[in-house]
Amino acid sequence: MHLQKKLGRFPLGIWIGLIALLFSLLAWVMQLVSLLDWEGAVGLGLQEYVFSGDAVERALAKVEWGIAWADMIWPLPLTLIGFLGIWRKHFIGFTSAMMNFAICVYFPLLYAFRWWDTKFDTALAAIVLFAIPAVLGIVGLWVNRQNFITAT
């Protein structure tokens, strides 16, 4: 199978997984930007609700702000552990990457169902930048799962 063909340090499928992790890192960095400068993130289109709007918009902004914090607590560390663990050929890296990829498939689908009719470009960008690379990363790593050692 082509995904198991060795290209330098790793087979092709593992390189695809590492590249997909870099794409997912982009999502979590965008969330970090949101936490550091919410209004700037709104201006960039990374967020849609502002804290200065009406009561509903302020409430929705707080929900999105909480999600951004959750992304810093869970998916960002998963991505970093996944990248380092895969680089060191440890099973924890494989597992962390797979967990991260599951999130990177889920949230673009949420965007697609939520914004397909109103913000098609945002939904499509999320699918292309995060869901598709994550699915390719899942396949690439799974095909090469025998390359990862278990922690003893």
Just jot down the side-chain contact (heavy atoms from CB on, under 4.5 Å) partners of Y106, sequence neighbours excluded, or say none. L110

One should read off an interatomic distance between L44 CG and M30 CE, to the nearest 0.5 angstrom, of 10.0 Å

Residues forming a side-chain hydrogen bond (donor to acceptor under 3.5 Å, both in side chains) with E48, sequence neighbours excluded: W115, K119

Same cluster (ILVMFWY, side-chain, under 4.5 Å), I14 and F91: yes

Any link between V42 and L60 through a network of hydrophobic side chains (Ile, Leu, Val, Met, Phe, Trp, Tyr) touching at under 4.5 Å? no

Which residue pairs pass the salt bridge (charged side-chain N to carboxylate O under 4.0 Å, His left out) test with at least one member in residues 52-63, sequence neighbours excluded? none

For W74, enumerate each residue passing the side-chain contact (heavy atoms from CB on, under 4.5 Å) test, keeping only those at least two apart in sequence or located in another chain. L78, M99, I103

Is there a continuous path of hydrophobic side-chain contacts, each under 4.5 Å between heavy atoms, that joins F51 to V63? no

Following the transitive rule for hydrophobic clusters with a side-chain heavy-atom cut-off under 4.5 Å over Ile, Leu, Val, Met, Phe, Trp and Tyr, establish whether F107 and I73 coincide in one cluster. no

Under the rule for side-chain hydrogen bond (donor to acceptor under 3.5 Å, both in side chains), what residues qualify as partners of E64, not counting sequence neighbours? R114

Does atom CZ of F23 have more than 12 heavy-atom neighbours, drawn from other residues, nucleotides or ligands, at distances under 6.0 Å? no

Nearest-0.5 Å distance, CH2 of residue W65 to CG of residue L35: 7.0 Å

Could you pull out all residues at least two apart from W87 that satisfy side-chain contact (heavy atoms from CB on, under 4.5 Å)? R9, F10, W15, L18

Looking at side-chain heavy atoms only, is the closest gap between L21 and F101 below 4.5 Å? yes

With sequence neighbours left out, write down each residue that passes ring-ring contact (aromatic ring centres under 6.0 Å, His included) with Y49, or none if nothing qualifies. none

Test side-chain contact (heavy atoms from CB on, under 4.5 Å) applied to D71 - qualifying residues, sequence neighbours left out: W28, Q31, I67, P75

Atom pairs and distances, donor-acceptor, side-chain atoms in residues 128-146, under 3.5 Å, two or more places apart:
residue	atom	partner	partner atom	Å
N144	ND2	L3	O	3.0
N144	ND2	G140	O	2.8
R145	NH1	W142	O	2.7

Between atom CG of L84 and atom NE2 of H90, what is the distance when rounded to the nearest 0.5 Å? 11.0 Å

R88 CZ to F83 CZ distance, which is reported to the nearest 0.5 Å: 13.5 Å

Give a yes or no on whether L26 and L80 share a hydrophobic cluster (residues Ile, Leu, Val, Met, Phe, Trp, Tyr; joining criterion: side-chain heavy atoms under 4.5 Å apart). yes

Contacts of type side-chain hydrogen bond (donor to acceptor under 3.5 Å, both in side chains), residue S24, not counting sequence neighbours: N100

4.5 Å side-chain heavy-atom contact, L76 and L25: yes

